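Please read all numbers here as calculations on a predicted model, not as lab measurements. Lettering of chains follows the sequences in order, A, B, ..., and the numbering in each one begins at 1.
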Amino acid sequence: MSHSSVNVRFAPSPTGELHLGGARTALFNWLYAKNQGGQIFLRIEDTDRTRSKDEYTDQILDALQWLGLNWDEPLVYQSNRFDDYKVHIANLLNSGQVYRCFCSKDELQSARDEGHYQYPGTCRNLKDEGVKMRLNQGIGFTYRIRISEGETHYNDLIYGPITVDHNEVDDFIVVRSDGSPTYNFTAVIDDHDMNITHVIRGEDHISNTPKQILLYEALGFDVPTFAHLPMILGHDKKRLSKRHGAPGVQSYRDEGYLPESLNNYLALLGWNPGTEEEILSMDELVQKFDLSQVQKKGAVWDEKKLHWVSGQHMMQTNTDFILDSIRSISPNWGKGSDISYLISIIELLKQRAKSLTEFITQSHYFFQAPSVYDSAGLKRGWPDDQVNDRVEGIKSTLQEITIWRKEDIETVLKDHATEHELGIGKIIMPIRLAISGGLSGPSVFEILAHLGKEETLNRIETALKELPQ
RNA sequence: GGCCCGUUCGUCUAGUGGUUAGGACUCCAGGUUUUCAUCCUGGCAACAGGAGUUCGAUUCUCCUACGGGCUACCA
């Protein structure tokens with residue numbers, strides 16, 4: 001393994017399902033790793049034992065798998081690493097870089113309530129006897145890092161140079177009174193132990209970064225390179241959350257979006273390939289991805305554009321694959337029909353279905369006669385019983401067709417129109433209504449050919465009986 | 001309150017010390033289509049504000065405003 005190889009990680013905490021922001025972070029990490037020929041690791045940040053749940057871990061892994069963001073081994077759980085953290089704490093305590101703080105949560109909270117936002121340093125310089133006394137009294141304590149004066153700066157791959165004065169960095173807690181390590185502490189140790197070279201994460205971590213750098217230095221570790229990604233926003237420009245009705249990644253799968261579409265749109269949110277291309281395959285994304293093209297500004301999530309991206313991908317997607325994908329979200333779709341029939345239906349709908357669910361909702365009439373007729377459609381296409389006479393004529397014409405294929409049907413119906421001096425629309429609209437229940441869809445001639453002569457005539461017969469309503 | 005970050009059409013974005021400030025989504029109008037969708041053509045629509053630097057600033061600097069993030073014994 002060469003020294004310059006890139007290692008990145010995605011480190012979700014299993015306190016909820018994978019949401020869009022997390023997916024975007026995962027994607028950018030993954031794209032960067034693949035682009036650089038590096039590796040991407042996954043770390044489950046489950047140090048908060050009360051909020052972490054295994055079912056969320058499962059959901060997150062499932063979502064990542066669905067997105068195709070496969071990760072390298074090993075998969076790291078922070079909850080398995082508590083012993084490692086303890087060793088480092090002991091060392092830091094010995095060297096005096098960390099000290100025990102006996103202040104209670106309530107004390108600290110009330111100080112904050114009074115407007116003192118920073119830790120007042122109450123226990124910073126306790127003498128050994130003072131510490132010993134409190135320990136003997138059984139007073140609970142946390143460990144805090146001792147931050148010295150100065151400033152810390154680093155060069156963010158996306159935001160550029162960032163400097164923070166240590167006055168702004170509290171002696172923050174690294175180990176809680178229950179003995180569990182906090183995020184900033186575990187993240188540093190893990191990123192070091194996992195050989196992470198590039199930390200790519202959300203912009204909400206910018207202000208954690210100086211704290212972590214200070215910890216890297218205290219522990220004598222090399223500091224990795226940081227890159228912070230802008231947030232994904234809701235329409236109110238606030239960070240996207242459940243409040244915006246932003247669901248987990250799985251619901252996009254259930255809504256019928258292909259992973260490639262979601263990835264493509266997610267990539268476009270805060271990044272562009274430097275050209276005006278917008279529809280990109282995973283391979284193209286990997287090839288063109290570049291952190292220096294990443295935006296600093298938060299980006300508003302736009303469902304409509306996702307839908308458009310999805311439609312573009314759908315047109316380019318292999319039909320067999322679409323069939324498999326439809327079946328994966330709706331196993332019973334087209335059950336009982338030949339695969340070749342389903343394939344031809346997908347071909348017909350491919351240009352108009354922008355998601356897998358739209359294939360399903362737009363294909364009902366290929367499998368069963370319409371049970372209701374669209375009312376707006378009836379107004380236009382079958383307003384009164386004059387239409388019935390017309391349709392009777394069309395029906396007889398269709399009945400005479402011997403070879404039931406699209407071309408012949410088309411010819412016959414067009415001839416019928418000419419013969420009776422009717423606009424072709426006058427013929428097609430009622431027929432479309434009769435066979436599909438609505439006024440939109442692929443070529444009527446195609447639909448008739450697919451349904452077969454008998455089924456077509458049956459549906460027309462039914463419509464003649466029931467319409468006009 | 002403090003600190004950090006940001007600000008080009010409604011949204012995603014391109015862009016340069018001198019451009020008719022470009023593209024995409026959405027929306028609207030027209031064309032193609034038997035319908036819908038696709039596709040094509042056209043249209044609406046932006047440099048947050050104020051100073052400064054400069055012959056000239058959307059572009060560089062500063063200030064203000066606005067927005068976001070952090071300020072937890074969450075991650």
(message) Which nucleotide wins on minimum distance to the side chain of A:R144, given the candidates B:rC73, B:rA14, B:rA75?
(response) B:rC73

(message) Tell me the interatomic distance from A:R201, atom CZ, to B:rG69, atom C1', rounded to whole angstroms.
(response) 13 Å

(message) I'd like the C1' distance from B:rU33 over to B:rU41, given in whole Å.
(response) 16 Å

(request) Give none if B:rU20 has no partner; otherwise give the nucleotide forming a Watson-Crick or G-U wobble pair with it, both distances under 3.5 Å. (result) none

(message) Please tell me whether A:Y183 and A:H205 have a donor and an acceptor in their side chains that are separated by less than 3.5 angstrom.
(response) yes

(message) Could you identify the nucleotide paired to B:rG56, looking across every strand shown and requiring Watson-Crick or G-U wobble geometry with both distances under 3.5 Å?
(response) none

(request) Could you work out the separation of B:rG42 and B:rU32 based on their C1' atoms and round it to a whole Å? (result) 15 Å

(message) For B:rA75, give the paired nucleotide (Watson-Crick: N1-N3 plus N6-O4 or O6-N4; G-U: N1-O2 and O6-N3; both under 3.5 Å), or none.
(response) none

(request) Taking only the side-chain nitrogens and oxygens of A:T47, find out if one of them lies under 4.0 Å from OP1 or OP2 of B:rA75. (result) yes

(message) So, does A:R112 get its side chain near the phosphate of B:rC73, meaning an N or O under 4.0 Å from OP1 or OP2?
(response) yes

(request) In whole angstrom, give the distance that lies between atom CG of A:L266 and atom C1' of B:rC12. (result) 13 Å

(message) Students often get this wrong, so: under 4.0 angstrom with heavy atoms, is A:L439 touching a base, only sugar-phosphate, or nothing?
(response) base

(request) Using the P atom on both, measure B:rA46 against B:rG56 and round to a whole Å. (result) 26 Å

(request) Scan A:T186 against the nucleic acid and name what it touches under 4.0 Å (heavy atoms): base, sugar-phosphate only, or nothing. (result) nothing

(request) Kindly say whether A:E421 contributes a backbone atom to a donor-acceptor pair with the side chain of A:K426 at under 3.5 angstrom? (result) no

(message) Please tell me if A:K296 has a side-chain N or O lying less than 4.0 Å from either OP1 or OP2 of B:rG68.
(response) no

(request) Look at the side chain of A:S177 against the base of B:rC73 and say whether a donor-acceptor pair falls under 3.5 Å; ignore hydrogens and angles. (result) yes

(message) Reading RNA chain B from 5' onward, which residue's closest nucleotide shows up sooner: A:C103 or A:S207?
(response) A:S207

(request) Figure out the CD/C1' separation between A:Q78 and B:rA75, and round it to whole Å. (result) 9 Å

(request) Answer with base, sugar-phosphate or nothing: what part of the nucleic acid does A:K304 contact at a heavy-atom distance below 4.0 Å? (result) sugar-phosphate

(request) Using distance alone, with no hydrogens and no angle criterion, decide if A:R81 and A:Q78 have a side-chain donor and acceptor under 3.5 Å apart. (result) no

(request) Could you let me know what B:rA14 is paired to, Watson-Crick or G-U wobble, both distances under 3.5 Å, or none if it's on its own? (result) none

(request) Rounded to whole angstrom, note down the P distance from B:rC66 over to B:rG49. (result) 15 Å

(message) Does A:S104 reach a base, just sugar-phosphate, or nothing at all? Heavy atoms under 4.0 Å.
(response) base

(message) Within the 4.0 Å heavy-atom criterion, would you say A:G270 contacts the bases, only the backbone, or no part of the nucleic acid?
(response) sugar-phosphate

(message) Given B:rU11, B:rA24, B:rU38, identify the nucleotide with an atom nearest to the side chain of A:K237.
(response) B:rU11

(request) Could you tell me the separation between the CD1 atom of A:I431 and the P atom of B:rU35, rounded to a whole number of Å? (result) 16 Å

(request) Say whether A:D113 and A:Q109, considering side chains only, have a donor N or O and an acceptor N or O under 3.5 Å apart. (result) yes

(request) Would you mind telling me which of B:rC73, B:rA75, B:rC5 lies closest to the side-chain atoms of A:I173? (result) B:rC73

(request) Report which part of the nucleic acid A:N208 touches: base, sugar-phosphate, or nothing (heavy-atom distance under 4.0 Å, all strands). (result) base

(message) From the set B:rG69, B:rU7, B:rC4, return the single nucleotide nearest to any side-chain atom of A:D204.
(response) B:rG69

(request) Classify the nucleic acid contact of A:G115 as base, sugar-phosphate or nothing, counting any heavy atom under 4.0 Å across all strands shown. (result) nothing

(request) Can you tell me, in whole Å, how much space there is between the C1' of B:rA45 and that of B:rC12? (result) 15 Å

(request) Between B:rU8, B:rA75, B:rU11, spot the one nearest the side chain of A:V300, thanks. (result) B:rU11

(request) May I have the distance from A:D302 (atom CG) to B:rC12 (atom C1'), rounded to whole angstrom? (result) 7 Å

(request) Searching all strands shown, indicate the nucleotide that pairs with B:rA51 (Watson-Crick or G-U wobble; both distances under 3.5 Å). (result) B:rU61

(request) Check for a donor-acceptor pair, side chain of A:R144 on one end and backbone N or O of A:D171 on the other, with a separation under 3.5 Å. (result) yes

(message) Nearest to the A:S440 side chain among B:rA75, B:rU35, B:rA24, which nucleotide is it?
(response) B:rU35

(request) Between B:rU59 and B:rU7, how far apart are the C1' atoms? Round to whole Å, please. (result) 14 Å

(message) Counting the atoms with a prime plus P, OP1 and OP2 as sugar-phosphate, which does A:E45 contact under 4.0 Å by heavy atoms, base, sugar-phosphate, or nothing?
(response) sugar-phosphate

(request) Ignoring backbone atoms, establish whether A:N272 has a side-chain N or O less than 4.0 Å from OP1 or OP2 of B:rA14. (result) yes

(message) Measuring only the P atom in each nucleotide, how far is B:rU58 from B:rA48? A whole number of Å is fine.
(response) 10 Å

(request) Could you measure between the two C1' atoms, the one in B:rU11 and the one in B:rU16, and give it in whole Å? (result) 24 Å

(message) In this structure, how many angstroms lie between the C1' atom of B:rG6 and the CD atom of A:Q295, rounded?
(response) 11 Å

(message) Between A:W271 and A:D290, is there a side-chain donor-acceptor contact under 3.5 Å, judged purely by atom types and distance?
(response) no

(request) Indicate whether any N or O donor in one side chain lies under 3.5 Å from an N or O acceptor in the other, for A:E347 and A:T319. (result) yes

(request) Compare the minimum distances between each of B:rC73, B:rA14, B:rG22 and the side chain of A:E276, then state the nucleotide with the smallest one. (result) B:rG22

(request) Identify which nucleotide among B:rC73, B:rA75, B:rC4 has an atom closest to any side-chain atom of A:L108, counting heavy atoms from C-beta outward. (result) B:rC73

(message) What I'd like to find out is whether the side chain of A:I162 reaches to under 4.5 Å of the side chain of A:F226, using heavy atoms alone.
(response) no

(message) Checking A:N184 against A:T182: is there a side-chain donor and acceptor pair closer than 3.5 Å?
(response) no

(request) Give one of base, sugar-phosphate or nothing for A:P442, where a contact means two heavy atoms less than 4.0 Å apart. (result) base

(message) Going by purine N1 to pyrimidine N3 plus the second Watson-Crick contact, or the G-U wobble pair, all under 3.5 Å, which nucleotide sits opposite B:rC66?
(response) B:rG6

(request) For A:A299 and for A:K414, locate the closest nucleotide of RNA chain B by heavy-atom distance; then report the residue assigned to the nucleotide nearer the 5' terminus. (result) A:A299

(request) State whether the aromatic ring of A:Y117 stacks on the base of B:rG1, taking stacking to mean ring centres under 5.5 Å apart and ring planes under 30° to each other. (result) yes

(request) Please tell me which of the listed nucleotides, B:rC70, B:rA37, B:rA75, lies nearest to the side chain of A:K354? (result) B:rA37

(request) From the options B:rC12, B:rU38, B:rG6, select the nucleotide whose nearest atom is closest to the side chain of A:M315. (result) B:rU38

(message) Looking at A:E284 and A:S281, would you say the former's side chain and the latter's main chain have a donor-acceptor pair under 3.5 Å?
(response) yes

(message) Can you tell me if A:R24 touches the phosphate of B:rC12, counting only side-chain N or O atoms and a distance under 4.0 Å to OP1 or OP2?
(response) no

(request) Check the distance between B:rG10's P and A:K305's NZ and give it to me in whole angstrom. (result) 15 Å

(message) Using a 4.0 Å heavy-atom cut-off, does A:H307 contact any base of the nucleic acid, only the sugar-phosphate backbone, or nothing at all?
(response) nothing

(request) Select base, sugar-phosphate, or nothing to describe what A:E446 touches, counting heavy atoms under 4.0 Å on all strands. (result) nothing

(request) Mind calculating the distance between CD (A:Q293) and C1' (B:rC12) to the nearest angstrom? (result) 14 Å

